[in-house]
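By convention here, the first residue in the shown sequence is residue 1.
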Amino acid sequence: MYEHLETAAHPENLKRIIIDPVTRVEGHGKVTLLLDEDNHVKQARLHIVEFRGFERFIQGRPYWELPVLVQRLCGICPVSHHLAAAKAVDQLVGVDQLTPAAEKLRRLMHFGQTLQSHALHFFHLSTPDLLFGFDDAAKHRNIINVLGEYPETGLKGVKLRKFGQEVIRAICGKRVHGTAAVPGGMNKALSLEDRDYLLKDIDEVVLWSQEVVALIKKIYLANEEYHHYFGAFPSNFLSIIRSDGALDLYHGGLRARDEKGLTIFDHVDYRDYSQYLREEVRSWSYMKFPYIVELGRENGWYRVGPLARINNCDYITTPLAEAARAEFMAMGEGGPVHESLAYHWARMVEMLYSAEGIRELLDDPDVLSGDLVATGEKRRAGVGVIEAPRGTLFHHYEIDEQDIVTRANLIVSTTNNNQAMNEAVRSVAARYLDGKELTEGLLNHLEVAIRAYDPCLSCATHALGKMPLELELLDAEGTQIDKMTRDGDGKIGK
């Protein structure tokens, strides 16, 4: 692995490059790079510069509010927080096993969330780079031109996301911030009308998902940079896994593998996560840095999300996604796939898996059943873990005798990927920055590296590519030797 990012000697003597803010991420962040006199990158940091404090302000609330309240963490993946919280609250009411109907409805809802989120990221945020190139003119590199020049591809993206949102609406009542999960189960079954409505289009959705897997495979393999150099570095991987080793996005035990694919721990009860994972606080970022206790802070960081899940699982239960997984894993030649841009391919394999999973569950009569709530004996603590679209998501709550939350710990997917995104920035900067004149294309290379992880912080309402940005290159004495800006309209200036 790369040397730890904190080991740059005498940073006061190094040149500093600052990108503030990073665009097309949900939240505010900046990147700083330190270079020596020969322009070799010695340190790279992705700083998260805003503070939200969700873990604090949900304290003092009654536990039954949490599945609805924590959805406000995010407008893109609220279902993931809803379900992680619901799984933790299930434990607070003493329920370890839901009724078949309730579990299948939650899985169906989660498949819809994964489908719509993966479609949004790939088509709206990534295809402008993947189809037009990282150095393409900024005014041309956007979803509008994707729709104009690749209308079939662009429209499939819109329709795939819409279908995923319709699955969510049918179960939750709304596409965003709806209600469905309750302590110990679900609040309603899927109606026959909604089931039949979704069945009309599901075969086409599966077909489109297959075509998108073929598209990203073609793009990826056609560009040697993608699968050999760009953001390629070894790492550990973490995800939940089904008891038989199959990919499971809703429930399972924790599995961690190292850079060679060797097992670090396996099938760990996620309620014991604190025995295996720690979070490090660093002064220059509001986002924590998790690591595997057994490996320590220096070597224990890991990646989560689609790339980790496909690397970690032994197989996928649906036939089309399993065939796609086998093709993907062939790139690793028996070991894990490590390139950051492989996230896009893995993400589309999961989208296909979600489409197939939706089709299977829509044909299951249990989703129409009214047997929706289980009961048990109350407990004082509960941990819920789920595979959100961006990676493993932890919700941990403790309550008092009055059912009021006294402690909360949330490790969100992007936090788990924090160190990996820093490594990706460093890797790309080291290859593409050295000796180069600063250009908008250079800025985009760094952002592409971060964007591959689909980071999700808190500002999804920012317009694509419209966030102002400033980049400065300073010499060893701190004197500015080059500067470049991008204003709110996307205009580049010096």
Under 4.5 Å between any side-chain heavy atoms of Ile411 and Glu279, yes or no? yes
Side-chain heavy-atom pair Asn416, Tyr302 within 4.5 angstrom cut-off: yes
Atom of Pro78, atom of His177 and distance for their closest heavy-atom approach: CB-CD2, 3.5 Å
Begin with the C-alpha distance, continue with both residues' side-chain angles, and end with the deciding distance and a verdict on salt bridge (Lys or Arg N to Asp or Glu O under 4.0 Å) for Asp258 and Lys260. CA-CA 5 Å; Asp258 68 13; Lys260 296 179 180 178; over 6 Å; no
Side-chain ion pair, Glu225 and Arg431, N-O less than 4.0 Å: yes
Nearest 0.5 Å please: distance from the OH atom of Tyr150 over to the CG atom of Leu215. 9.5 Å
Side chains of Asn444 and Asp129, donor plus acceptor under 3.5 Å: yes
Test of understanding: with side chain to side chain contact (heavy atoms under 4.5 Å, CB included), list the residues that count as partners of His267, not counting sequence neighbours. Ile241, Arg255
Closest non-hydrogen atoms of Ile386 and Ser80, given as atom of the first, atom of the second and distance, are CG2-O, 3.8 Å
Please determine, by modelled atom types, if Thr317 and Arg242 share a side-chain donor-acceptor pair under 3.5 angstrom. no
Any non-hydrogen side-chain atom of Pro290 less than 4.5 Å from a side-chain atom of Glu280? no
Out of curiosity, Arg451 CZ to Ser340 OG, how far, rounded to the nearest 0.5 Å? 13.5 Å
Any salt bridge between Asp201 and Arg359, counting N to O under 4.0 Å? no
Go through Leu341 and Val448 one step at a time and tell me if the side chain to side chain contact (heavy atoms under 4.5 Å, CB included) criterion holds. CA-CA 9 Å; Leu341 290 181; Val448 165; 4.0 Å; yes
Tell me whether the guanidinium CZ or amine NZ of Arg303 lies under 6.0 angstrom from the six-membered ring centre of Phe233 and within 45° of its axis. yes
Decide whether a cation-pi geometry holds between Lys87 and Tyr250; the criteria are a distance under 6.0 Å from NZ or CZ to the six-membered ring centre and an angle within 45° of the ring axis. yes
Distance from Ser427 atom OG to Glu339 atom CD, nearest 0.5 Å? 10.0 Å
When you measure from the centre of the six-membered ring of Phe132, is the NZ or CZ of Arg141 under 6.0 Å away and within 45° of the axis? no
How long is the span from the CZ atom in Arg161 to the CE atom in Met351, to the nearest 0.5 Å? 12.5 Å
Student check: side-chain heavy atoms of Gln116 and Ile168 closer than 4.5 Å: yes
Taking all non-hydrogen atoms of both residues, which atom of Leu131 and which atom of Val146 are closest, and how far apart? CD1-CG1, 4.1 Å
State, yes or no, whether a side-chain contact exists between His81 and Val412 at a heavy-atom distance under 4.5 Å. yes
Pairing of Lys156 and Glu152 as salt bridge, 4.0 angstrom limit: yes
Would the Tyr220 and Trp345 ring centres measure less than 6.0 Å apart? yes
Charged N to carboxylate O under 4.0 angstrom, Arg257 versus Asp266? no
Could you check, using the six-membered ring where one of them is a Trp, whether Tyr432 and Phe134 have ring centers closer than 6.0 angstrom? no
Once rounded to the nearest 0.5 Å, what's the spacing between atom NZ of Lys217 and atom CZ of Phe328? 12.5 Å
Would you tell me whether Glu387 and Thr392 have side-chain atoms, one donor and one acceptor, within less than 3.5 Å of each other? yes
Quick one, Asn223 and Phe230 - any side-chain contact, counting heavy atoms below 4.5 Å? no
Fit a plane to each ring of Tyr273 and Phe394, take the angle between them on a 0 to 90° scale, and name the class: parallel (under 30°), tilted (30 to 60°) or perpendicular (over 60°). tilted
Under 3.5 Å side-chain donor-acceptor pair for Tyr291 and Asn236: no
In Å, rounded to the nearest 0.5 Å, how long is the span from CG of Leu277 to CD1 of Ile292? 6.5 Å
Any side-chain donor-acceptor pair under 3.5 Å between Tyr343 and Asp454? no
Glu166 vs Arg175, salt bridge (Lys or Arg N to Asp or Glu O under 4.0 Å): CA-CA, chis, key distance, verdict: CA-CA 7 Å; Glu166 285 297 287; Arg175 296 177 181 86; 2.5 Å; yes
Ring centers of Tyr453, His344 separated by less than 6.0 Å: no
Looking at side-chain heavy atoms only, is the closest gap between His121 and Ser126 below 4.5 Å? yes
Nearest heavy-atom pair of Asn417 and Arg390: which atoms, and what distance? ND2-O, 3.8 Å
Please confirm whether the ring centroid of Tyr276 lies under 6.0 Å from the ring centroid of Phe265. yes
Any chance you could lay out the side chain to side chain contact (heavy atoms under 4.5 Å, CB included) test for Cys313 and Asp248, step after step, and finish with the verdict? CA-CA 9 Å; Cys313 75; Asp248 198 316; over 6 Å; no
Quick one: does His118's side chain get under 4.5 Å of Met348's, heavy atoms only? yes
Verify side chain to side chain contact (heavy atoms under 4.5 Å, CB included) between Asn422 and Trp301, making sure each step is shown before the conclusion. CA-CA 11 Å; Asn422 277 278; Trp301 58 273; over 6 Å; no
Between Glu350 and Arg347, does any side-chain N to carboxylate O distance fall below 4.0 Å? no
